[in-house]
Amino acid sequence: MKNFLKNIILFSLFFSITYISGVFIFGHFIDNEYKTNLKYSRGYYGHLYSRIHNIKDYKNIDILFLGSSHTYRGFDTRIFKKQNIITFNLGSSAQTPIQSLTLVKRYINELNPKLIIMEVFPSTFSIDGVESALDIISNTDPTIGYLDMIFKTKSFKVFNTYLYAYTKSLLPINNNFLEPKIIDKDTYIDGGFVQREIEFNSSTQKEITCLNQYKYNDNQLDALHDIVDFAKENNTKIAFVYAPVSKNKTQEYNNHELPDSIYASFNIPYINFRELKGINDSIHFYDSHHLNQNGVTIFNDTLIQELQKNFPEILTE
């Protein structure tokens, strides 16, 4: 029996070392087109690399923004700064609550926000979070603290990418990567916002032929509860914000009462701008659910007024 257990332990150790070494060699030397189960892409879409490396310049902020592309494209740090509100935007592409929880746990002590704004676009609650997990692993220094996120995504691609990134971080490999401030139509703005060149939504005349329903993944809802609990444990206020989407996008779904009831059940401020007055589908969006800069300005000015009503002890005029 002792020999059997010894052999099991030795085999497990050998397999682990061999597997990790294989993943690193495969990830480091094989072209991306052949890596179907590993995707390490530094400088991934959304400027997350620049955002993470910008954190060191921010301490004791007023507001921390978390969420998907509606976050880093929708909350302009410059507009808040004009009102003497210091913010940091920690949004990322397709970020789900599972990734939001991972990020806020890692960076809350550095940023020390008074208030967390969680952007809650319903579609992010129905996806697995693989895209966002790969983005985070590729553009941060991965830690053991990422394991919970990795297990919840249940993806070999995420697991292998983490093994590669973590192994790479332990080796004396030079990293001379520098992400450009301007990529295609996007410009990174200090504090985490990404400004897009002015474009206008061309899908405003689309005829809606089918009605979808929002669905919620239990793991994502659990993570949302954990974010709220974590904020309270750290004596940080928290609110949910539903960023504006076009009327066309809104009409694609017929169960808006579901997300509204879920968010309201948390007994924290829920500010719903799904159909913000004064926002026009063709003038204020660049696609069906992302605001252009004209829309961002209206949205942020209105949001600041609402936040000052809900959190006067934090945000004063």
Side-chain angles (χ1 to χ4, degrees), residues 48 51-68 70-72 74-92 95-121 124-125 129 132 136 140 143 145-146 148-149 152 190-193 219-243 259 262-273 299-300 302-317:
L48 183 59
R51 188 172 297 111
I52 294 299
H53 285 76
N54 199 184
I55 289 175
K56 66 182 185 301
D57 302 320
Y58 284 78
K59 306 291 181 185
N60 302 317
I61 63 175
D62 295 309
I63 302 176
L64 172 63
F65 298 109
L66 297 170
S68 67
H70 295 122
T71 301
Y72 72 79
F75 301 105
D76 189 339
T77 53
R78 298 168 299 184
I79 295 174
F80 287 82
K81 190 174 182 179
K82 288 180 181 178
Q83 300 294 326
N84 296 315
I85 303 170
I86 305 304
T87 65
F88 193 86
N89 196 318
L90 200 49
S92 62
Q95 185 183 122
T96 73
I98 290 173
Q99 286 76 50
S100 299
L101 179 62
T102 300
L103 289 170
V104 74
K105 280 185 173 181
R106 179 162 186 182
Y107 296 109
I108 192 169
N109 288 333
E110 292 182 58
L111 294 166
N112 192 28
K114 298 174 184 175
L115 170 65
I116 293 173
I117 296 295
M118 183 75 200
E119 177 265 317
V120 286
F121 185 56
T124 60
F125 288 80
S132 179
I136 290 170
T140 66
T143 70
Y146 286 4
D148 185 56
M149 172 185 74
K152 286 179 179 176
D190 188 58
F193 177 65
N219 284 338
Q220 300 294 1
L221 278 178
D222 288 344
L224 189 62
H225 278 281
D226 290 342
I227 291 169
V228 173
D229 291 342
F230 182 75
K232 291 178 179 178
E233 289 168 6
N234 284 271
N235 298 314
T236 305
K237 301 289 185 180
I238 185 168
F240 295 154
V241 171
Y242 195 139
I262 288 175
Y263 303 146
S265 70
F266 281 76
N267 295 316
I268 63 173
Y270 166 44
I271 307 172
N272 186 352
F273 288 116
F299 168 44
N300 286 192
T302 309
L303 174 60
I304 289 171
Q305 294 175 18
E306 290 298 317
L307 292 177
Q308 288 171 336
K309 293 177 186 176
N310 282 278
F311 302 99
E313 72 280 14
I314 295 176
L315 309 174
T316 55
E317 296 189 43

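Counting begins at 1 with the first residue of the sequence.
Judged by distance alone, the side chains of N310 and Y270 never bring a donor and an acceptor atom under 3.5 Å apart. Q305 and T302 share no side-chain donor-acceptor pair at under 3.5 Å. Side-chain N/O atoms of S68 and E119 include a donor and acceptor closer than 3.5 Å. A donor-acceptor contact closer than 3.5 angstrom is absent between the side chains of S132 and Q95.
Looking only at side-chain heavy atoms (C-beta outward), Y107 and T140 come within less than 4.5 Å of each other. Side-chain contact between F125 and P259 is absent, with no heavy-atom pair separated by less than 4.5 Å. Residues V241 and F65 have side chains not in contact (no heavy-atom distance under 4.5 Å, counting atoms from C-beta outward). Using a 4.5 Å heavy-atom threshold, the side chains of Y72 and L48 count as separate. Between F75 and T87, the closest side-chain pair of non-hydrogen atoms is not below 4.5 Å. You'll find the side chain of L307 reaches within 4.5 Å of the side chain of I271, heavy atoms only. Contact of the I136 side chain with the Y146 side chain is registered, since non-hydrogen atoms from C-beta on lie closer than 4.5 Å.
Residue-environment remark: NZ (K152) exceeds the threshold of 12 foreign heavy atoms within 6.0 Å. The number of heavy-atom neighbours closer than 6.0 Å to NZ of K59, taken from other residues, nucleotides and ligands shown, is above 12.
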Do S92 and Q99 pass the side-chain contact (heavy atoms from CB on, under 4.5 Å) test, and can you show the C-alpha distance, the side-chain angles, and the key distance before you say yes or no? CA-CA 9 Å; S92 62; Q99 286 76 50; 5.6 Å; no

When you look at F80 and F193, which way does the side-chain contact (heavy atoms from CB on, under 4.5 Å) test go after all the steps? CA-CA 11 Å; F80 287 82; F193 177 65; over 6 Å; no

Verdict with reasoning, F273 to E306, per side-chain contact (heavy atoms from CB on, under 4.5 Å): CA-CA 11 Å; F273 288 116; E306 290 298 317; 3.8 Å; yes

Please report the C-alpha distance between D190 and Y58 in whole Å, then the side-chain angles of each, then the deciding distance to 0.1 Å, and finally whether the side-chain contact (heavy atoms from CB on, under 4.5 Å) criterion is met. CA-CA 10 Å; D190 188 58; Y58 284 78; 2.6 Å; yes

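When the options I238, I116, V120 are evaluated for a side-chain contact (heavy atoms from CB on, under 4.5 Å) with L66, the one that passes is I116. If you run side-chain contact (heavy atoms from CB on, under 4.5 Å) between L103 and each of L64, L90, I108, only L90 comes through.
Here the straight-line distance linking atom CG of D226 with atom CG of N219 works out to 10.5 Å at 0.5 Å rounding. Residue I86 holds its CD1 atom at 9.5 Å from NZ of K114, rounded to the nearest 0.5 Å. Separating the CZ atom in F266 from the NE2 atom in H225 is a distance of 3.5 Å, to the nearest 0.5 Å. To the nearest 0.5 angstrom, I117 atom CD1 is 12.5 Å from K237 atom NZ. Distance check, rounded to the nearest 0.5 Å: CG of L221 to CD1 of I98 gives 10.0 Å. Between the CD1 atom of I227 and the NZ atom of K105 there is a distance of 9.5 Å, given to the nearest 0.5 Å.
P97 and Q220 make their closest contact through CD-OE1, 3.2 Å (heavy atoms, listed as atom of the first residue, atom of the second, distance). Between K56 and H53, the shortest heavy-atom contact is NZ-O, 2.7 Å. Of all non-hydrogen atoms in S100 and M118, the two that sit nearest each other are OG-CE, 3.3 Å. The shortest non-hydrogen separation linking P269 to F311 is CG-CZ, 3.6 Å. The two atoms that bring V104 and F230 nearest to each other are O-CE2, 3.8 Å, heavy atoms only.
Side-chain atoms of N300 never come within 3.5 Å of backbone atoms of I79 as a donor-acceptor pair (strictly under, hydrogens ignored). Without hydrogens or angle criteria, N89 side chain to G191 main chain gives no donor-acceptor distance under 3.5 Å.
Sorted by first and then second residue, the side chain to side chain donor-acceptor pair (under 3.5 Å) pairs with a member in residues 227-236 form an empty list; sequence neighbours excluded.
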